[in-house]
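Quick notes on the structure that follows.
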Amino acid sequence: LLRGGVGSLAGAPGEGRHYGDRHGDKAEECRHNAARSTGRGVCQYRIPGLSFRLTQKARVELRFENASLMYPPGVHALVSVCLRVASGACVAVVGPSGGGKTTLLRLAAGLLRPTTGTVWHGSRRASDIPPEGRGVAVAFQVPAIYPHLTAGENLAFPLRYHPLPAAEATRLMADVAAAFGLSDLLSRKPHELSGGERQRVALGRCLVRRPAVLLLDEPLGQLDVPLRAAVRDAIFTRCRDRGTTVLWVTHDPAEAAAV
C-alpha cells in the first residue's frame with residue numbers, strides 16, 4: 001500500500017525504481033521479516049510522507065453463521081446458512097437457478113446484510129468492513145468489464161488502486177494474460193470480444209486484484225468446453241500460490257465435483 005506524498009508513484013515507473021533504489025535494503029529487510037512472521041504476514045515500513053506495506057499471502061477465513069436473507073414481501077432467499085471456508089481453501093456450492101447462490105456471494109462480499117445471522121471475514125463482520133478494506137474480488141455470471149477500455153486496460157484496472165512496482169506489475173499482467181489466453185487480445189475493446197473472451201478478461205482482472213477472498217458466480221458458464229479445464233486450473237494455481245480463499249457457485253454438478 002503506497003500512500004502519502006508520492007501520489008503518482010503507481011503510474012510513474014521511474015519514480016518507482018527510484019524509490020526501490022534508495023530504500024531497497026530496508027524494503028528487503030521488511031520483506032524478510034514479513035516472510036518469517038507467523039501472524040498476519042504484513043510488515044509496514046514508514047518514511048516521511050510514505051507508508052509502504054508488504055503483504056505476503058492473503059489468509060482470510062470466510063464463515064456464515066445462521067445467515068438468512070429475506071426479500072420483501074417475505075421471500076426467503078437464504079435460510080440459516082452455516083458454512084465455513086477455511087483460509088486458503090476452495091469450496092464449491094452447487095444448486096439450481098433461483099436457489100440463492102448469487103445471494104450467498106453478495107452476502108459474502110458484504111454487498112448485502114443478512115436479515116439474521118452473521119457473515120465473517122476472519123474475526124470481522126463482512127458488512128462492517130469498508131469496501132476498500134475487504135480484499136474481495138467477485139466475478140459475476142455476466143462479465144462486468146468497462147466498455148470504453150481495452151481488454152488490457154480492463155485487466156490492469158485493479159493496479160490503479162492496488163499498485164505494484166513496475167517490474168512486478170508487468171510480470172503479473174503477462175502471467176495472467178498468458179494463463180487465460182488473452183495475450184493477443186489486449187488491444188481489443190469489449191465489443192470486439194466474444195462472450196467467452198469477455199469472461200476470461202473479467203476472471204483475469206480478479207486475479208490481478210490479488211484478493212484475500214475470491215467469489216466466483218458460474219465463472220465457466222460462457223467458456224467453450226475445451227477451455228474450461230485450462231481456465232479452472234489457472235484460477236486454482238494462482239489462488240493456491242497466494243493463499244486466496246475461494247467460494248465458487250455453479251448449477252453444474254460436474255463442475256462442482258471438479259472444483
Side-chain angles (χ1 to χ4, degrees), residues 60-86 89-121 125-129 131 134-147 154 180 190 193-207 209 211-229 231-232 234-236 239 244-259:
V60 174
E61 179 182 87
L62 179 62
R63 193 168 72 256
F64 296 80
E65 291 184 352
N66 295 309
S68 299
L69 187 79
M70 181 184 295
Y71 289 118
V75 177
H76 292 274
L78 294 171
V79 179
S80 298
V81 174
C82 294
L83 173 66
R84 175 179 173 267
V85 185
C90 177
V91 169
V93 175
V94 62
S97 297
K101 301 187 300 298
T102 299
T103 300
L104 185 73
L105 292 188
R106 289 181 176 276
L107 284 177
L111 300 176
L112 295 175
R113 289 179 179 266
T115 307
T116 60
T118 311
V119 181
W120 299 90
H121 288 189
R125 296 174 188 264
S127 55
D128 291 345
I129 306 172
R134 289 175 191 158
V136 173
V138 185
F140 295 101
Q141 186 172 2
V142 177
I145 59 179
Y146 299 105
N154 269 284
F180 287 89
L193 302 174
S194 69
E197 290 166 345
R198 289 194 292 270
Q199 184 72 68
R200 282 183 277 153
V201 171
L203 290 170
R205 184 177 61 190
C206 286
L207 296 184
R209 167 67 176 83
V213 177
L214 178 60
L215 306 174
L216 301 174
D217 190 355
E218 305 274 6
L220 308 181
Q222 298 198 39
L223 302 184
D224 296 333
V225 173
L227 274 174
R228 292 183 182 182
V231 170
R232 185 173 61 238
I235 294 171
F236 283 159
C239 289
T244 302
T245 303
V246 182
L247 182 58
W248 186 310
V249 304
T250 177
H251 71 277
D252 184 353
E255 181 181 318
V259 171

All N/O donor-acceptor pairs, side-chain side in residues 67-77, below 3.5 Å, sequence neighbours left out:
residue: Ser68; atom: OG; partner: Ser80; partner atom: N; Å: 2.7
residue: Tyr71; atom: OH; partner: Thr103; partner atom: OG1; Å: 3.4

Using side chain to side chain contact (heavy atoms under 4.5 Å, CB included) as the criterion, list what pairs up with Pro190, not counting sequence neighbours. Ile145, Asn154, Arg198

Are the side chains of Leu104 and Phe64 in contact, using a 4.5 Å heavy-atom criterion? yes

I'd like to know if the side chain of Arg228 and the backbone of Leu223 have a donor-acceptor N/O pair within less than 3.5 Å. yes

Taking side chain as C-beta onward, heavy atoms only, is Pro219 less than 4.5 Å from Glu255? yes

Please name the pair of heavy atoms, one in Ala126 and one in Leu107, separated by the smallest distance, quoted to 0.1 Å. CB-O, 4.2 Å

Here the salt bridge (charged side-chain N to carboxylate O under 4.0 Å, His left out) pairs for residues 70-83, sequence neighbours left out, are none

Examine distances only and state if a side-chain atom of His121 and a backbone atom of Ala109 form a donor-acceptor pair shorter than 3.5 Å. no

Taking every non-hydrogen atom, the tightest pair across Val60 and Ala212: CG2-CB, 3.7 Å

Counting distance only, does the side-chain N/O of Lys101 pair as donor-acceptor with the main-chain N or O of Trp248 below 3.5 Å? no

When you compare the side chain of Asp252 with that of Leu220, does any pair of heavy atoms fall below 4.5 Å? no

In chain order, what residues pass the salt bridge (Lys or Arg N to Asp or Glu O under 4.0 Å) check against Arg209, with sequence neighbours excluded? none

State the CG-OG1 distance between Leu112 and Thr102, to the nearest 0.5 angstrom. 10.5 Å

Pairs involving residues 71-85, ordered by first then second residue, that meet salt bridge (charged side-chain N to carboxylate O under 4.0 Å, His left out) (sequence neighbours left out): Glu61-Arg84

Do Leu83 and Leu247 have side-chain heavy atoms sitting under 4.5 Å apart? yes

If you define the side chain from C-beta out and look only at heavy atoms, does anything of Gln199 sit under 4.5 Å from Val231? no

How long is the span from the CD atom in Gln222 to the CD atom in Gln141, to the nearest 0.5 Å? 7.5 Å

Please report the interatomic distance CG(Leu214) to CG(Leu62), rounded to the nearest 0.5 Å. 11.5 Å

Qualifying residues under side-chain hydrogen bond (donor to acceptor under 3.5 Å, both in side chains), relative to Thr115, sequence neighbours excluded: none

Check: Leu105 and Leu216 side chains under 4.5 Å, non-hydrogen atoms: no

Kindly indicate whether the side chain of Val201, heavy atoms from C-beta on, has any atom under 4.5 Å from the side chain of Pro143. no

Other residues, nucleotides, ligands: >12 heavy atoms within 6.0 Å of Arg63 CZ: yes

What are the two closest non-hydrogen atoms of Gly100 and Leu78, and how far apart are they? O-CD2, 3.6 Å

Value rounded to 0.5 Å, distance of CZ in Arg205 from CZ in Phe180: 12.5 Å

In this structure, CZ of Arg134 is separated from CG of Asp128 (nearest 0.5 Å) by 9.0 Å

Decide yes or no for Thr116 and Asn66: does some side-chain heavy atom of the first lie under 4.5 Å from some side-chain heavy atom of the second? no

